[in-house]
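Data first, discussion second: the structure below is written as structure tokens.
The structure presented is a predicted model; accordingly, all values stated were derived computationally and were not measured.
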Amino acid sequence: MTEEMDQTLSLPDEYPDPYVADGAVLNGASEEENTKHQSVKCSPNLLQMLKAAESRRTPQGRDRDGADASEFGARELVTEALKTDMQIQFTDQNQEFNKRPANTGRRSLSRSISQSSTDSFSSVCSDSSEDESSPRDKAQKTSKGLSDFCIKNIKKAEFGRREIIIAQQEMPALMVLRKRAGGEKPLAGAKVVGCTHITAQTAVLIETLSVLGAQCRWAACNIFSTQNSVAAALAEGGTSVFAWRGESEDNFWWCIDRCVSAETWQPNMILDDGGDLTHWIHKKYPSLFKNIKGIVEESVTGIYRLYQLSKAGRLCVPAMNVNDSVTKQKFDNLYCCKESILDGLKRTTDVMFGGKQVVVCGYGEVGKGCCAALKALGAVVNVTEADPICALQACMDGFRVNKLSEVVRQVDMVITCTGNKNVVKREHLDRMKNGCIVCNMGHSSTEIDLVSLRTAELRWERVRPQVDHVIWPDGKRIVLLAEGRLLNLSCSTVPSFVLSITATTQALALIELYSAPEGRYKQDVYLLPKKMDEYVASLHLLTFDAHLTELTDEQGKYLGISKHGPFKPNYYRY
């Protein structure tokens with residue numbers, strides 16, 4: 001198993017244009033084939049849900065008294081769904097909220113947490129109350145006798161359930177989806193194996209999939225992002241979860257293997273974040289692809305791997321590229337990172353941003369969000385870019401575009417957002433000034449060349465949870481966060497509302513692939529149909545009491561579109 005860990009897929013030299021067309025084959029298809037695929041519509045069992053989005057449109061300027069009753073019915077549906085879900089699943093929550101957690105005294109320290117500054121660090125992120133031992137050999141059972149899981153401490157389930165309930169309040173679309181599609185069970189018979197960040201927000205998605213009829217087994221895609229109490233709540237609720245915060249590399253792959261290799265359970269759908277689960281199945285259990293109907297992938301890193309497999313003709317099943325759907329890229333990547341970058345940096349370093357010299361590597365959606373947040377607090381932001389279009393956008397937004405080697409000596413902070421490898425090399429690290437903060441906001445842990453830092457002449461000193469000082473022989477030190485892994489989910493939390501958008505997109509992608517007629521999707525990579533993107537957005541507009549303008553028949557005819565959408569052509573960039 002250890003030998004397999006290093007056999008990760010290298011990044012391909014070229015990638016197909018992810019904006020060819022919604023639902024179009026992205027690799028090697030002729031123009032005629034792509035045109036044919038543009039007309040692919042959603043599966044029949046989704047049409048009713050999509051039509052429901054059409055009824056909520058209210059002409060601009062209409063007052064509350066004159067608004068369409070269906071709009072207010074939809075709003076009430078969110079509240080009703082939340083109330084119903086709590087009544088069914090959490091009958092004793094009133095008593096639980098009145099309990100005060102017992103004072104357990106001084107917290108013990110986990111493998112990945114230092115002996116300083118633990119009191120000021122969020123319990124959601126540190127889970128420092130757990131012991132150092134791995135739970136792999138520890139027998140645990142839920143109150144109902146389930147033992148098919150491996151987490152840190154099942155006794156934390158009550159606290160995790162509270163976290164999930166809080167997240168539900170900010171994830172209205174998933175609650176509406178439960179209400180609208182729960183009776184139809186569009187995922188009945190689906191066996192979904194997932195590898196994502198295991199947080200309260202992901203738990204809402206997992207339990208939504210269960211309400212829609214799916215059976216789920218789950219592992220973590222990041223060794224630092226799991227909320228142990230949430231994992232306990234999922235296990236207590238009947239989901240087989242294999243994850244805990246602070247896993248070793250060996251335990252990381254062991255958990256994925258346990259998810260996949262159950263003797264009496266074989267997956268027929270994959271939900272992946274980063275491609276590790278897909279890679280593991282491809283390397284160790286390729287026969288499972290005979291029963292798998294599709295893959296849903298949400299990260300840049302995972303999409304690169306799928307493109308590589310497709311290019312080599314080794315992609316065995318259809319895959320849905322959720323990362324490049326509008327609702328994921330424009331909201332999760334941009335707005336989520338815009339808020340969570342500051343949270344992660346503040347919690348770990350207490351840094352003052354005003355006047356700091358910062359380099360953000362990459363000006364994609366993640367980089368744009370990070371730059372906007374840092375600039376708003378007075379930081380002087382430089383951008384590195386390989387893409388001339390993104391570089392021009394950075395210039396027009398008021399940022400200096402430079403090579404990292406040109407500014408690395410004077411900067412106070414380096415943030416990678418590319419999804420690539422070896423963006424920050426040892427030569428850059430050697431030239432950084434004392435105290436420079438180095439972190440990564442991309443999914444992959446390869447952006448910073450950490451291998452070059454694990455040498456005999458450099459000394460590592462853990463000073464806080466997920467904060468290491470790497471010390472040079474002359475005494476210079478850099479501040480490395482989360483060992484080069486994803487900063488926001490490793491060191492802080494992310495907004496539930498934005499993750500609601502991504503999670504709803506993932507759920508609809510699973511439904512689409514699972515229920516699609518035979519032959520609709522080939523063994524290639526596809527984008528989510530635009531109509532689904534618009535449906536996801538419409539579900540979240542209710543939270544803001546937003547009223548859309550309805551096109552007239554004449555206006556729709558003039559634009560050459562249906563007045564109910566899709567409203568933009570497939571090539572529109574938003």
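Salt bridge annotation for Arg136-Asp250: present, with a cationic side-chain nitrogen under 4.0 angstrom from a carboxylate oxygen. A salt bridge links Asp412 with Lys433: the closest approach of a Lys/Arg side-chain nitrogen to an acidic carboxylate oxygen falls below 4.0 angstrom. Salt bridge status for Lys152 with Glu247: absent, with no side-chain N to carboxylate O gap under 4.0 Å. Contact check on Arg305 versus Asp272 returns no salt bridge, with no Lys/Arg side-chain nitrogen under 4.0 Å from an Asp/Glu carboxylate oxygen. Ionic pairing of Asp343 and Arg347 is present here: one or more N-O contacts between side-chain nitrogen and carboxylate oxygen are shorter than 4.0 angstrom.
Within the 4.5 Å cutoff, no side-chain heavy atoms of Val360 are placed close to those of Phe399. Using a 4.5 Å cut-off on side-chain heavy atoms (C-beta onward), Ser240 and Trp265 make no contact. Annotation: side chain of Trp218 is in contact with side chain of Thr202 (closest heavy-atom distance under 4.5 Å).
Counting only N and O atoms by type, the side chains of Tyr304 and Asn420 include no donor and acceptor under 3.5 Å apart. If you check the side chains of Thr505 and Thr327, you find a donor sitting under 3.5 Å from an acceptor.
A side chain to side chain contact (heavy atoms under 4.5 Å, CB included) with Val424 is found for exactly one of Leu429, Thr384, Val359, Thr418, namely Leu429.
When the shell of 6.0 Å around NZ of Lys155 is examined, it contains 12 or fewer heavy atoms from other residues, nucleotides or ligands. No more than 12 heavy atoms of other residues, nucleotides or ligands sit less than 6.0 Å from atom NZ of Lys425.
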Original post:
Under the salt bridge (Lys or Arg N to Asp or Glu O under 4.0 Å) criterion, do Glu236 and Lys156 qualify, and how do the steps go?
Top reply: CA-CA 10 Å; Glu236 182 63 35; Lys156 300 292 184 180; over 6 Å; no
